[in-house]
Amino acid sequence: MAAAPLRDSVQDRRRINMPESEYNFAEIEKKWQAKWKQNNLFAADDRGTKPKCYVLTMYPYPSGVLHMGHVINYTIGDVVVRYKLLRGFDVLSPMGWDSFGLPAENAAIRTGVHPHEFTEKNIARMTEQMHRAGWGYDWTREVATSHQDYYRWTQWIFLKFYEKKLAVKKTAPVNWCDSCQTVLANEQVHDGSCERCGSKVFQKDMSQWFFAMSKYAQRLLDGHEQLRGKWPEAVIAMQQEWIGKSHGAKVLFKIKETGDELPIFTTRPDTLWGVTFMSLAPEHPLIEKLVKGTEHEERVMKAVKEMRAQGTSEKDLADREKVGVFTGFHVVNPVNGESAPLWVANFALMSYGTGAVMAVPAHDQRDFEFAKKYNLPIKAVIVPETGLNESVMTEAYVDPGDMLFSGPFTGDNNVEAMPKIIKWLEEQGYGQGTVNFRLRDWLLSRQRYWGAPIPIIYCDKCGTVPVPEKDLPVKLPTDVQFKEGGGNPLARSASFVNCVCPKCGAAAKRETDTMDTFVDSSWYFLRYCDAKNEDAIFSPEKIKRWMAVDQYIGGIEHATMHLIYARFFTMVLHDLGLIDFDEPFTRLFCQGMVCKTAYYCNACKWLHESDVAFADGAAKGQKCKKCGGEVTSEMTKISKSKLNIVDPDVMFDKFGADTVRLYMLSDAPPDRMQVWSEEGISGAWRTLNRLWTLINKSLDKLSPVGEPLPTQLNSKNVDLRRKTHQCIQKITDSIEGGFQFNTAIARCNELLNMLRGFDKPVNPAVLREVLETVVRVFSPIVPHFAEECWEKMGHAESIFTAGWPEADPKVAKEDVIEIPVQVNGKLRARITLAADADQEKMERAALADEKVQAQIAGKEIVKVIVIPGRMVNIAVKG
RNA sequence: GCCGGGGUGGCGGAAUGGCAGACGCGCGGGAUUCAAAAUCCCGUUCUGGCAACAGAGUGAGGGUUCAAAUCCCUCCCCCGGCACCA
């Protein structure tokens, strides 16, 4: 008999059958979205008198459709916006588009559709989706970074940076793909090859535009102090690592044969006496100067060329074997006059320090490995009490110890001696104490069409000339073709390149590089404050009204790039006198990734859930429907490649925006990973339907709007009111205490459960208070639903004008409470007492309890701990 | 290796020194139904017990405390970031 076929019953059960429901979300959501638009609910008042609150979610790249990452991000933002509205703030909630960038240009190469057209179509589609989701924005402030009225000011900022020498052109080694005719970012290089065409990428020195961000390294670091406690600790930590400040000394070595000076940076000046060779970065200019015309030239330059041809991607660097070549020259160590061979090593970085590293193999693991490989001497100068024998060492000794062969410091502890050594180096004129940063200048040149043109003109006579402000924007030309491997289309556009020098009027050429899109996003939050200003980048009054951003919300993937660039821009604009603050984002919140189970079959690779046959009962023993093979599953970030994506449109159509919103926030704290499952969303659906039914059933039992509560209520009604006010208090705390929407929603559910289990008739005024409270505290999360209920309950105005409910502590206060009684820390009984019972009363009641008596019988009471209003613990012996 | 975040039922999670498992999912049972779906009610940490109840239990081990998921020490595992930075 054939094996029983795997049933698809689990699959079938997984398909959520929509219950018949009177809750017509499609109609309700459409209705309220139209009303909010009509009543300008989200129009930010530039001249309002209430305290302001600027809530910003990171704007999207208009890729074409929203994904679930956007949904969680913008839902959190919208809940905050509506909550702040309810709390009486003038709220600014803008939205816009990060609309320059590579995908549109690649699409143009593929399909021939101009990037502008492609982008506008995507923006239209995504705007539609945002309305559908019910997110509230002040659309009059919409910006798109690819529009002329935006990039005009991006260019204007570039000119301001240029004036202050903060935008500079310098030669730098870049990843160059000859077949694509363009520079590649490190992450676009895979195993030394171009990610697009697969041809070999090599390093090339090119003249590129940079922002002098390294000048701001210390400021960027110092600024973290005011962000502490308001930004996620992880983001601050990542930025600190990225900026990478280190203390040490700059020491001047000399080339023995030529007398050339060679400055080096070290964090370990205490090991200067242990230097046994010197390593230069392959890009170091001194190499060519030294070996040119000597017997060493051919051998050294060949090796250098090979080193420079190695890939520069992160992975390449990590896996690379240490190699080097002896230059034939030597350096003289200033501290002891000893000479050491000068090598070129592939692990030395031209972009850090001075590009030259003193090598102390005894005390640096990397140098140790290099010395072992090339048989270079090892000299220990820091030794532990147990001593150190160079000939048997298997790794570098990096711990503290006593200094040896170290001139005036011999015998000192190296850690204690460090400041003295630096002082001594300075006195002797050998070097000086210094700090060094890992943070580099920001390379902003891109050999691409779809970006903001850099407003610079090159004139044979006048040199580099900035475009005068009155001539901005430098517009992108339209007479361009996009073709594979064609390099930068701008460079081929005669109408763009050829121009007249603004200084002398002679024929000149335009810069054809465009700006990195991170430049656009480094100031968009400022433009929102005054988005339609045609005469200035923004007016100081409007900036004063809205900045800084009170709450910024976005993905943690922007921790180092965007969030450092935006802080850098803000500091520079501050120094230019354009704004009077230097941190743009007061509070930052980073939401978690949206994950979903992904299925994998060895033969068929990643599978759609619909191609998986589940064994009955559990998610084990799942088989591939295509080939019958074993299927494994993992919980992972939703992505196209793993076929576990969720389409927001489908979810909105099936469940409605409110249910999707409620589900996204109800399961886990929003900074953690979110697990998407259709079973899960059905819980949110049920919650809304129950509440809908309850409210509709109760409409004719409610007291008229505005009728005061009776002065006398029976105890059941008092209980219900108490729970209601406790609920308001807890929900307010949950939201204020760091966006704990999941526990806020749980409190609402508790109140609803209590109401449903309530068998006696509820006083009409109490019933109104309870139901209105639930609807009001739910309103930021499920706004359409709440508006509809609010209207049905007899209110003419939007629920978002009604304010946030206040908890009355007198009503919330319990008068009778249950006190747990422990014996030796173990729970043995619960006693019911008046909430204000004093310690003595509590102790007496606890000791009188039957179960407690049984536990302590025949034992000696050592101590009774009574925490008023909370618990009793009896410590016994014997 | 360094930095950050975690480890609690079948699952997502709650509780930040004071009743472990709120709320939800799933699962089991019942009501309703010709039947199913949907809906409603009850149950659901594990072990033993018909039950009352007892014992165990928050990654592992130790410690502080009347009392530890929570604080301290040692260690293991998972996720994210950084990693030739001299």
Side-chain angles (χ1 to χ4, degrees), chain A residues 13 16-21 232-238 240-242 244-246 248 264-268 271 279 281 314 317-322 345-349 351-360 364-367 369-370 436-440 556-557 559-560 592-593 595 617-619 635 662-663 666-669 671-684 686-687 689-690 693 730 740 742-750 752-753 756-757 818-830 851 862-867 870-876:
Chain A
R13 265 182 275 143
I16 304 302
N17 286 294
M18 300 303 290
E20 282 174 36
S21 167
E233 209 46 55
V235 174
I236 294 178
M238 277 188 238
Q240 281 177 326
E241 213 164 62
W242 190 263
K245 182 178 184 175
S246 55
I264 59 103
F265 171 76
T266 178
T267 55
R268 294 291 304 274
T271 62
S279 307
E314 307 291 323
L317 288 174
D319 299 348
R320 178 186 297 173
E321 198 194 340
K322 291 172 182 50
N346 66 341
F347 62 81
L349 304 173
S351 53
Y352 185 81
T354 63
V357 194
M358 70 179 209
V360 187
D364 180 285
Q365 187 57 28
R366 202 182 28 203
D367 295 340
E369 286 165 27
F370 196 85
N436 203 24
F437 293 93
R438 218 179 65 117
L439 185 76
R440 299 172 199 178
I556 195 150
E557 64 273 19
T560 47
M593 293 184 302
C595 296
M635 183 62 66
L662 180 60
Y663 173 55
S666 65
D667 264 15
D671 53 345
R672 278 209 224 169
M673 178 186 94
Q674 306 293 313
V675 175
W676 184 274
S677 78
E678 285 219 8
E679 292 96 328
I681 196 171
S682 67
R686 267 197 282 272
T687 301
N689 274 280
R690 280 174 191 159
T693 309
K730 285 179 179 169
Q740 296 167 55
N742 57 327
T743 55
I745 292 163
R747 296 292 90 79
C748 287
N749 281 330
E750 277 174 23
L752 284 175
N753 290 344
R756 281 191 302 148
E818 199 176 61
I819 299 285
V821 181
Q822 300 177 339
V823 176
N824 284 347
K826 269 193 203 308
L827 177 73
R828 294 299 177 183
R830 297 165 209 273
K851 288 180 195 155
V862 183
K863 198 173 174 188
V864 180
I865 294 102
V866 181
I867 313 295
R870 293 196 72 92
M871 54 94 61
V872 178
N873 189 9
I874 303 162
V876 295

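Keep in mind that this is a model prediction, so the values were computed, not measured. Just so we're on the same page: letters track the sequence lines, and every chain starts at 1.
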A/A237 side chain, from C-beta outward: closest of B/G26, B/C3, B/A86: B/C3

How would you list, by chain and number, every residue that makes a salt bridge (charged side-chain N to carboxylate O under 4.0 Å, His left out) with A/R268, sequence neighbours excluded? A/D270

By salt bridge (charged side-chain N to carboxylate O under 4.0 Å, His left out) - contacts of A/D671 (at least two apart): none

For A/E241, which contact category applies under a 4.0 Å heavy-atom criterion: base, sugar-phosphate, or nothing? base

Against the side chain of A/R870, the closest entry in B/A83, B/A86, B/G18 is B/G18

State which of B/A86, B/C85, B/C53 makes the closest approach to the side chain of A/R440. B/C85

A/Q365: partners by side chain to side chain contact (heavy atoms under 4.5 Å, CB included), with sequence neighbours left out: A/F368, A/E369, A/E395, A/A396

Under 4.0 Å between any heavy atoms, over every strand shown, what does A/G244 touch: base, sugar-phosphate, or nothing? Just pick one. nothing

With sugar-phosphate meaning primed atoms plus P, OP1 and OP2, does A/N753 contact a base, only sugar-phosphate, or nothing at under 4.0 Å between heavy atoms? sugar-phosphate

Let's test your reading of the pairing rules: Watson-Crick or G-U wobble, both distances under 3.5 Å, then write RNA chain B as a dot-bracket string with ( ), [ ], | and dots. (((((((..(((.....[....)))((((((.......))))))((((....))))..(((((..]....))))))))))))....

Is there a donor in the side chain of A/R756 and an acceptor in the side chain of A/N753, or the other way round, less than 3.5 Å apart? yes

Anything under 3.5 Å between a protein N or O and an N or O of nucleotides 54-56 of chain B, put it in a table, one pair a line.
unit_1, atom_1, unit_2, atom_2, d
B/G55, OP2, A/R828, NH1, 3.3
B/A56, OP2, A/K826, NZ, 3.4

Not counting sequence neighbours, which residues clear side chain to side chain contact (heavy atoms under 4.5 Å, CB included) with A/V360? List them please. A/T271, A/V275, A/M358, A/H363

When you check every protein heavy atom under 4.0 Å of nucleotides 11-16 of chain B, what one-letter string (B, S, -) results, 5' to 3'? -BSSS-

If I take atom CG in residue A/L349 and atom C1' in nucleotide B/A86, what distance separates them, rounded to the nearest angstrom? 9 Å

Give one of base, sugar-phosphate or nothing for A/A746, where a contact means two heavy atoms less than 4.0 Å apart. base

Test of understanding: with salt bridge (charged side-chain N to carboxylate O under 4.0 Å, His left out), list the residues that count as partners of A/E557, not counting sequence neighbours. none

List for me each residue that meets salt bridge (charged side-chain N to carboxylate O under 4.0 Å, His left out) alongside A/R690, sequence neighbours excluded, and say none if there are none. none

Residues that A/T743 engages under side chain to side chain donor-acceptor pair (under 3.5 Å), provided they are two or more places apart: A/S734

Under the side chain to side chain donor-acceptor pair (under 3.5 Å) test, which residues partner A/D364, sequence neighbours left out? A/R366

Can you give me the N/O atom pairs linking the protein to nucleotides 66-71 of chain B at distances under 3.5 Å, or say none if there are none?
unit_1, atom_1, unit_2, atom_2, d
B/C66, O2', A/N873, ND2, 3.3
B/C66, O2, A/N873, ND2, 2.6

